[in-house]
Structure formats: C-alpha cells, structure tokens
Amino acid sequence: MLETLKYLIGSTGVSGFGSKSTAEEVTETCPDLRSITVIITGATSGIGAETARVLAKRGKRLVLPARNLKAAEEAKARIVSEFPESEIIVMALDLSSLTSVRNFVSELESLNLPVNILINNAGKFAHEHAISEDGIEMTFATNYLGHFLLTKLLLNTMMKTAKQTGVPGRIVNVSSSIHGWFSGDMIRYIGQISRSKSQYDATRAYALSKLANVLHTKELAQRLKQVDANVTVNCVHPGIVRTRLTREREGLITDLVFFLASKLLKTIPQAAATTCYVATHPRLLNISGKYFADCNEAWTSKLGSNSNEAAKLWAASEIMVSKHAKAVFDPLSAFDYHHM
C-alpha cells in the first residue's frame with residue numbers, strides 16, 4: 001500500500017527521482033559526450049522513440065535498427081528536425097530472425113563504429129500464436145532470443161570500445177513487472193508453445209519473455225564480472241503506458257480499463273525515464289545485474305532472482321541461437337537439439 005502511494009504521488013527514491021520523473025529530467029546532469037554511440041531497438045515509436053529523442057538531445061550518436069525502415073527513417077526525421085546536429089544511422093533488423101540479427105551485426109561491424117551503450121528495448125505482445133522462421137514462439141523470439149543473440153554478438157565490440165576509450169559500456173534490457181506473472185517451468189513452456197498453439201496463452205508468453213530478460217541480465221552480469229569486462233548490464237521496468245504495444249486492440253472494454261487505470265499510467269516521457277537513467281547516469285557507474293523501476297533499484301520476482309534458472313535459460317539460449325543446430329524442444333526432457 002505504501003509503495004502504491006509513493007508511486008501515485010511521485011515520491012522520489014534514493015536516486016532523487018521517482019515515478020513522475022521524465023527522461024529529460026534524469027539526463028540533465030549527464031555529460032555531453034558526442035563520441036558516445038548508442039544502439040536502441042524498438043525506437044520507432046512509444047518509449048523507444050522518446051528514449052532516442054532524449055539521448056540525441058544529450059549528444060549521443062544513435063543507431064536505430066528496425067524491421068520497418070520507413071518508420072525508422074520517419075523517427076530519425078523527427079529527431080533531426082528538433083536537433084539538427086544529431087547523428088543517426090538507420091539499419092535493418094528483424095529481431096524475430098536470427099539470420100537478420102547476424103546480418104545487422106555484420107553490417108554494423110563494417111562501419112567500424114564504437115558501441116558504448118546497447119538498449120534492448122523492442123517488444124511485442126502477440127495475441128495470436130505464431131512461430132518464427134527459426135522455429136521459436138514469436139513473442140519469445142522477438143522480445144528475448146533476438147536480443148540475447150544481438151547482445152552476444154556485440155559484446156566483443158563493446159568491451160573493445162570500453163578498453164580503448166576508458167568509458168564503461170552499458171547494456172540495458174527493458175523488461176516489465178509482468179515478469180512476475182510467470183510461474184512454472186520456463187524451458188518446458190517454451191518448448192510447448194514453440195511446438196503447438198494448444199498451450200499458448202498470450203499473457204503468459206509475454207510474461208515469460210520479460211522474465212527471460214531479467215534472467216539474461218542476471219547471468220550476463222556474472223559472466224562480464226568473471227572476465228573483468230568494463231561493461232555493465234541492468235534491466236528496467238518502464239511502467240505501464242498507453243502505447244502501441246498495449247493498444248493493439250481497441251474497444252469499449254479496453255477503453256474502460258485504461259480510463260479506470262489512468263491514474264496509474266505513465267506518460268511516455270515518464271516511462272522512458274528509467275531506461276535513460278540506467279543507460280546514462282553517473283550514479284550507476286559499475287552497477288550491474290540489477291533491476292530498476294521508477295529510476296530506483298527494485299526487487300524482481302522470486303523466479304527472477306534464481307541463479308540456477310538464469311544459468312539454465314542461458315544454456316538453452318545458446319543452443320537456440322547456434323548456427324550449427326536447430327532447436328527442437330521436448331517438454332518432457334527440458335530441451336534437446338539435432339544438428340542440421
């Protein structure tokens with residue numbers, strides 16, 4: 001009850017920010033580092049677009065990967081019209097396709113750009129069951145697995161950039177408090193919904209993908225620490241906002257729910273605040289493996305803090321993204337794979 005009251009009144013936490021803080025406010029004290037390059041997925045609309053706009057205002061060079069290049073060019077045009085000196089590169093990327101992820105990284109490497117900050121922001125809520133070209137349920141493939149591979153392939157560049165510049169790299173995974181809605185065996189459920197739609201529940205699948213983002217953060221933070229990399233990774237809950245993600249369906253009931261919940265909903269500038277704070281604020285130097293909400297450290301679900309589950313998901317993910325194997329999930333034996 002107390003936490004809800006703090007949220008409603010916008011009470012600030014130890015960071016000095018709270019639920020009512022905006023992305024511009026939390027980045028006001030950040031240095032103007034025009035040599036910093038930021039990759040932001042899902043930046044064509046909503047929270048991602050506001051994140052890109054504010055970071056462009058602070059002088060960052062942006063790389064905007066997108067499936068819809070026309071929408072990305074329009075997003076770029078909006079930012080440039082407001083900040084004419086912005087340097088923004090639009091590139092093709094379909095996160096549901098592992099081949100597309102590899103192609104994007106290959107093209108990025110050919111540009112010889114440094115990579116200081118990676119914001120894994122893109123997300124989708126698939127009401128209808130669908131399978132990716134790689135045989136993975138679409139929500140999981142887009143929200144988590146594509147980002148897992150993208151991060152994996154960019155790590156060497158990020159570590160090299162941090163070593164050469166002395167500026168620590170930062171990875172931000174955008175999750176959701178909805179990750180706490182998932183319970184049960186993650187790998188078994190991924191296998192079930194990747195094989196057929198009989199067990200598919202859109203909300204549970206979305207919650208699973210967001211839990212995967214949390215566990216990815218936890219395991220990756222440990223691995224980066226082990227190799228003494230000057231790169232951190234944290235995840236965030238942006239808050240609930242009326243965006244295209246939540247408004248895929250229109251109707252009287254949806255409108256009524258949003259009306260009743262309006263006092264709990266954030267504006268887009270407020271929803272982008274935590275991502276921008278975690279990506280840029282000096283206070284978070286060397287902070288890694290944490291979960292943030294309303295610009296302050298918060299608690300994950302019990303499953304989201306389970307190191308064994310994080311390690312198990314990582315192992316399964318490595319199999320799923322392997323170029324030499326096609327994942328074939330068996331709900332009875334967790335997972336296995338066959339060479340192509």
Side-chain angles (χ1 to χ4, degrees), residues 23-24 26-44 47-66 72 75-76 79 83 86-91 93 95 101 104-105 108-109 111-123 146-175 213 216-217 220-221 224 229-236 238 271-292 295:
E24 289 202 18
V26 303
T27 57
E28 281 180 356
T29 60
C30 294
D32 184 7
L33 299 175
R34 296 192 178 275
S35 61
I36 296 295
T37 300
V38 185
I39 300 175
I40 311 172
T41 66
T44 59
I47 298 170
E50 176 65 5
T51 300
R53 187 191 73 82
V54 171
L55 293 184
K57 179 177 182 179
R58 302 306 178 204
K60 274 54 172 183
R61 176 198 291 123
L62 304 182
V63 176
L64 306 184
K76 173 182 176 179
I79 294 173
F83 310 112
S86 299
E87 184 179 353
I88 302 174
I89 302 168
V90 170
M91 299 177 66
L93 172 62
L95 282 161
V101 173
F104 165 77
V105 173
L108 183 72
E109 289 175 344
L111 299 177
N112 293 315
L113 289 175
V115 179
N116 304 92
I117 300 171
L118 171 63
I119 300 177
N120 292 320
N121 167 79
H147 283 128
F148 174 86
L149 180 59
L150 177 65
T151 304
K152 174 185 171 73
L153 296 179
L154 289 175
L155 274 180
N156 282 339
T157 299
M158 293 193 72
M159 289 189 288
K160 181 180 177 181
T161 299
K163 186 174 182 179
Q164 291 178 340
T165 64
V167 179
R170 296 193 188 190
I171 300 167
V172 182
N173 288 330
V174 178
S175 181
N213 295 145
H216 176 220
T217 302
L220 179 57
L224 290 171
N230 193 15
V231 178
T232 61
V233 56
N234 292 289
C235 62
V236 304
T274 304
T275 299
C276 288
Y277 173 75
V278 173
T280 66
H281 205 280
R283 186 186 183 97
L284 268 63
L285 187 67
N286 299 323
I287 301 298
S288 193
K290 305 299 183 181
Y291 174 77
F292 291 82
C295 302

Please enumerate all residues that pass side chain to side chain contact (heavy atoms under 4.5 Å, CB included) together with Glu87, with sequence neighbours excluded. Arg61
Might you point out which heavy atoms bring Thr37 and Pro114 nearest each other, and give the distance in Å? CB-O, 3.2 Å
Which atom pair, heavy atoms only, marks the closest approach of Ala279 to Ile117? O-CD1, 3.4 Å
Rounded to the nearest 0.5 Å, what's the gap from OG1 on Thr151 to CG on Leu220? Could you check? 7.0 Å
Would the distance check show the side chain of Thr161 and the main-chain N or O of Asn116 forming a donor-acceptor pair, the cut-off being under 3.5 Å? no
How many angstroms lie between CG in Leu118 and CG in Leu155, if you round to the nearest 0.5 Å? 8.5 Å
Looking at Val167, is its backbone amide N or carbonyl O close enough to the side chain of Thr165 to form a donor-acceptor pair, meaning the two atoms are under 3.5 Å apart? yes
Under 3.5 Å: donor-acceptor pair, side chain of Thr41, backbone of Ala122: yes
In Å and rounded to the nearest 0.5 Å, what is the CD to CZ distance from Glu24 to Arg53? 4.5 Å
Tell me the closest heavy-atom pair linking Ser288 and Ala221, and the distance in Å. OG-CB, 3.5 Å
Mind checking what makes ring-ring contact (aromatic ring centres under 6.0 Å, His included) contact with Phe148, not counting sequence neighbours? Tyr144, His216, Trp314
After noting the C-alpha distance and the side-chain angles of Leu153 and Phe104, does the key distance pass the side-chain contact (heavy atoms from CB on, under 4.5 Å) rule? CA-CA 10 Å; Leu153 296 179; Phe104 165 77; over 6 Å; no
Test your reading of the model: is there a side-chain donor-acceptor pair from Lys60 to the backbone of Val38, 3.5 Å cut-off? no
Taking Asn121 for the side chain and Gly42 for the main chain, is one N or O donor matched with an acceptor at less than 3.5 Å? yes
Distance-only, no hydrogens or angles: does the Asn234 side chain make a donor-acceptor pair with backbone N or O of Gly289 under 3.5 Å? yes
In terms of heavy-atom contacts, Ala75 and Thr44 come closest through CB-CA, 4.1 Å
Heavy atoms only: give me the nearest Val278-Arg170 pair and the separation to one decimal. O-NH1, 3.0 Å
